[in-house]
Each structure stands twice: as structure tokens, then as C-alpha cells.
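Letters A, B, ... mirror the listed sequences (proteins, then strands); counts begin at 1.
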Amino acid sequence: MNHLRRVIHQLGLLQIDYVNVLVPAQYQVPFSRLGAYDRAQLDELVYRRREFTEHWAHEASIVPVDAWPLFRYRRLAHRVRPRGFERALRREPGYSRQVLARIRAQGALTAAELPSPTTGERRLPGSWYGTIPRAMAEWHFGRGRLAIADRRPDFRRVFDLSERVLSEDIRSRRVPTFAAHRALLLQAARAHGVATTGDLADYFRMPVTMVKPRLQELVDAGELHPIRVHGWTEPAYLHPEARRPRRLHATALLSPFDPVVWHRPRAARLFDFEYRLEIFLPAPKRRWGYYVLPFLLNDRLTARVDLKADRAGRRLRVQAAYLEPDTDGAQVSDALARELGTMAGWLGLESVSVGRRGPFARELAAAVRAQR
DNA sequence: ATTTAATACGGACTTTTGGG
DNA sequence: CCCAAAAGTCCGTATTAAAT
């Protein structure tokens with residue numbers, strides 16, 4: 001639990017995607033760079049002790065409760081406007097308050113348990129939200145009136161009034177806007193070590209124009225160092241606590257939403273790794289596959305694999321495998337095969353099977369066989 | 001000072017599936 | 001039926017920077 005706590009504080013956030021390991025895969029491969037950990041630990045820290053809370057940060061995330069006052073800029077700007085939602089609200093102006101009143105009276109509820117508008121449809125076809133009550137809950141959550149009190153075993157959120165989730169101390173704490181922005185940027189810089197303006201802005205999804213003057217203030221105050229990095233065209237910022245290790249030892253299959261790669265221009269700049277998420281592409285247009293995970297080995301992204309957890313067959317399927325250019329395949333296939341075995345283990349799968357797609361598949365398959 | 005170019009941003013749209 | 005989750009592309013518009 002201390003490890004989990006430390007990781008979230010270090011990064012300033014834990015993207016919900018990390019936690020997807022707990023969900024029987026909306027995405028076919030649940031994942032976590034944290035490796036195997038107990039769902040109970042997270043529940044304890046977030047929903048029982050309330051040391052952390054859910055908030056839109058980079059995307060849907062868990063953040064330290066102390067950061068809640070810093071995200072006011074995001075709550076004020078939060079928009080939920082899927083097709084038909086605003087029309088439904090105009091038709092029934094009291095619905096927003098009605099949802100809050102229901103939760104106030106009955107206690108925490110999931111979106112499915114919220115009342116429908118009395119006029120018109122419950123469904124919101126063609127939107128990610130699916131239903132009007134779900135979109136309404138998301139709207140209130142984004143604005144800060146509702147907070148996530150709990151998660152059901154299937155990971156659906158339980159919404160409650162934020163005053164019943166967060167302390168009065170936290171909710172009433174006012175941080176001047178610019179100071180809040182600086183605090184978040186400094187947190188982003190700490191997580192990055194060295195970063196461009198775009199990198200830092202993207203960490204908590206701030207507009208670049210909002211970020212630039214704040215970065216200058218941090219430089220003037222000596223809290224960030226402006227530097228140039230060899231091979232980077234843009235100016236960069238160095239966090240004073242950033243350390244460059246002589247050697248880097250790391251072995252990990254990264255989520256597409258891992259901070260190491262979530263900002264694609266940075267991944268390209270640091271690792272010369274061209275990466276794009278292809279879950280939204282029609283199947284025939286995909287170059288690598290539906291759900292492709294980069295493989296980090298020490299200080300390089302060395303390969304990528306399209307994974308799927310075949311729960312019925314109790315095996316982790318590697319649907320396609322690709323080695324990055326100028327990479328020692330033998331070394332990578334060995335380490336990757338081990339990592340796949342580990343992942344299968346914490347997913348509760350019995351074996352790893354490698355398909356034939358991708359030029360690295362044959363070599364990887366051999367390495368996986370060799371480890372059995 | 002005015003026009004043009006560059007950049008940023010917001011919104012709409014795309015995909016998938018297990019389990020309650 | 002309902003819920004979990006989200007990057008990139010395109011396009012129109014707004015703001016800023018550069019050029020004349």
C-alpha cells in the first residue's frame with residue numbers, strides 16, 4: 001500500500017487506465033505498470049481513507065485530495081455536451097437539480113440508479129455516455145458537485161455529493177488561480193524531469209497559452225531551470241530535483257496511456273518511437289493492431305505487441321509483434337517473453353500464446369516456448 | 001497600421017466488449 | 001440494457017505573431 005501511495009504522489013496522479021487491471025477488460029488487455037496489486041489497497045486509500053480522490057487530471061484519474069483545490073480551473077471549464085444532452089436539459093430545466101436532490105435524499109448512487117428525465121428518452125444514442133443520467137452525473141462530477149464515493153466490483157462509479165466525500169477543509173481551500181497553475185506545472189515537471197512547454201501543458205491538459213507565462217514565473221523564481229537539450233528543437237525546462245542515472249534498468253509493457261508515452265510528440269522525441277492508438281481506427285486501416293503496448297527495456301522502447309486477454313481460453317494472446325529498428329532481437333525477445341509470462345500471471349491466465357502477425361512474432365514465439 | 005501567416009483551440013466523430 | 005474508458009483527425013474559428 002505504501003508503494004501505491006508513493007507512486008501516486010510521485011506522479012501527481014494515477015490514471016484510471018492503470019487500474020483497468022481490476023476490470024474484466026473493457027479493453028482486451030487490462031494492464032498496470034504497478035504490476036500485481038490488491039484492489040483492496042486502492043479501495044482503502046481512495047474510497048475508505050480518502051487520501052486520494054477521483055478527478056479529471058490528465059484524463060480520468062486518481063489524485064491526492066490536496067490537489068483538489070488546484071483543479072478548480074478544470075471544474076469551471078468542464079463541459080459535457082454530447083448530442084441531444086443540452087436539448088434534453090432545455091426541455092427539463094429542473095433535471096440537473098433533481099439528480100442532486102435524489103442523491104442527497106438516498107445517498108450515493110450509480111448512474112444506472114439515477115432517475116430518468118420525466119420528458120423524453122433516457123437513452124443518448126451515439127454518445128459515449130449512453131444515457132442522460134450518466135451524462136448528468138458526469139457533468140456534476142466534472143463541475144465538482146458530485147464526487148466518486150466508491151467503485152462497484154465491476155468498476156462502475158458510485159456518485160455522491162462532493163461535500164460527503166471531501167472534507168470542508170479541502171473544499172473551502174482557495175488557491176489563487178495562477179499559484180494553482182504553477183503548482184500543477186511544477187508537479188508535472190517533477191514527474192517529467194526534463195520537458196518542453198507542450199509536455200508540461202499536456203500533463204494536466206492545460207492550454208499552452210495558459211501555461212507559458214506561469215512557466216516564466218517559475219523560471220524567475222528559480223523553481224525551474226530553462227535549458228536546451230541536444231536534438232530538441234524546442235526549449236526545455238529542467239526540474240531542480242531531476243537526476244540522470246548512469247544506467248537505467250527497467251522492464252515493462254506500457255499502457256498506451258502511460259505517462260512515458262501518453263504525449264506522442266514526447267515519445268517520438270525521447271525514444272524515436274512513432275506511436276498511435278488504433279482502437280478508433282476501422283480494422284483494415286490499422287497498422288499494428290487494436291491494442292498495442294510498447295515494450296520498455298532499460299532506456300529504450302524496443303518492441304510493440306498487440307495483446308488480448310483470452311479469459312475463456314485462459315491465455316494471454318500476442319496477436320502481433322514488432323521489433324523497433326536497430327534493436328537486438330535476441331535480447332528483447334527473451335526479456336519480453338519473461339514479461340509476458342509475468343503479466344499473464346497477474347491476470348490469472350495460465351499461458352502465453354504468440355500469433356503469426358508481425359515480423360517479430362516468430363522470434364518471440366521461440367523465446368516464449370523456450371521459457372516453458 | 002494593416003494584411004497575412006501561423007498557431008491554438010473547441011467540437012464532432014471514430015472503436016470495442018465483458019459482466020452485472 | 002447499461003457501464004467502464006479515450007487519442008487522433010478534420011474542420012471552423014479565434015487569437016497571436018510576423019510581414020509588409
First of A:Pro207 and A:Arg286 reached from the 5' end of DNA chain B, by closest nucleotide: A:Pro207
For the pair made of CD in A:Glu278 and P in B:dT14, what is the distance, rounded to whole Å? 18 Å
Select from A:Thr110 and A:Trp56 the residue whose nearest nucleotide in DNA chain C is closer to the 5' end of that strand. A:Thr110
Roughly, in whole Å, what's the span from CG in A:Leu277 to C1' in C:dT9? 13 Å
What's the NZ-C1' distance between A:Lys285 and B:dT14, to the nearest Å? 10 Å
Taking the six-membered ring for Trp and the single ring otherwise, decide whether the centroids of A:Phe85 and A:Tyr129 are under 6.0 Å apart. no
OP1 or OP2 of C:dA4 versus the side-chain N and O atoms of A:Arg151: is any pair under 4.0 Å? no
Among the nucleotides C:dG8, C:dA4, C:dC1, which one has an atom lying closest to any side-chain atom of A:Arg123? C:dC1
Of the non-hydrogen atoms in A:Trp56 and A:Glu138, which two are nearest, and what is the gap between them? NE1-OE2, 2.7 Å
Scan side-chain atoms only and decide if A:Thr327 and A:Arg300 contain a donor-acceptor pair under the 3.5 Å cut-off. yes
Are A:His9 and A:Phe52, when compared by the centres of their aromatic rings, separated by less than 6.0 Å? yes
Please state how far atom CG in A:Leu13 lies from atom P in C:dA6, giving the value in whole angstrom units. 11 Å
Rounding to an integer number of Å, can you tell me how far A:Glu274 CD sits from C:dG8 C1'? 14 Å
Quick check for you: among C:dA7, C:dA5, C:dC3, whose closest atom lies nearest to any side-chain atom of A:His58? C:dA7
Taking only N and O in the side chain of A:Thr131, is any of them less than 4.0 Å away from OP1 or OP2 of C:dC3? yes
Which sits closer to the 5' end of DNA chain B, A:Met206 or A:Leu281, going by the nucleotide each is nearest to? A:Met206
Determine, stepwise, if the pair A:Arg91 / A:Thr118 fulfils side chain to side chain contact (heavy atoms under 4.5 Å, CB included). CA-CA 10 Å; A:Arg91 202 163 45 224; A:Thr118 49; over 6 Å; no
Is A:Arg122 near enough to C:dC2 that one of its side-chain N or O atoms lies under 4.0 angstrom from OP1 or OP2? yes
With sequence neighbours excluded, give me every ring pair (Phe, Tyr, Trp, His ring centres under 6.0 Å) pair touching residues 217-245 of chain A. none
Please state how far atom CZ in A:Arg287 lies from atom C1' in C:dA7, giving the value in whole angstrom units. 17 Å
Looking only at side-chain N and O atoms, does A:Arg134 come under 4.0 Å of OP1 or OP2 in C:dC1? no
Just to be sure I understand the rule, does A:Arg276 reach a base, reach only the sugar-phosphate, or reach nothing, if contact means heavy atoms closer than 4.0 Å? sugar-phosphate
Can you identify which nucleotide, out of C:dA4, B:dT16, C:dC3, has its nearest atom closest to the A:Tyr290 side chain? B:dT16
Would you confirm whether the ring centroid of A:Tyr275 sits within less than 6.0 angstrom of the ring centroid of A:Trp288? no
Reading DNA chain C from 5' onward, which residue's closest nucleotide shows up sooner: A:Arg205 or A:Glu113? A:Glu113
Under-4.0 Å side-chain N/O to phosphate OP1/OP2 contact, A:Arg264 with C:dG8: yes
Within 45 degrees of the ring normal and closer than 6.0 Å to the centroid, is that where the cationic atom of A:Arg134 sits relative to A:Trp139? no
In what stems does DNA chain C take part, counting only runs of at least 3 consecutive Watson-Crick or G-U pairs whose two distances fall under 3.5 Å? B:1-14 with C:7-20, B:17-20 with C:1-4
Specify the separation, in whole Å, of atom CZ of A:Phe159 and atom C1' of C:dC3. 10 Å
Return no unless some side-chain N or O of A:Thr209 is found under 4.0 Å from OP1 or OP2 of B:dC9. yes
Separation of C:dA5 C1' from A:Leu14 CG (nearest whole Å): 14 Å
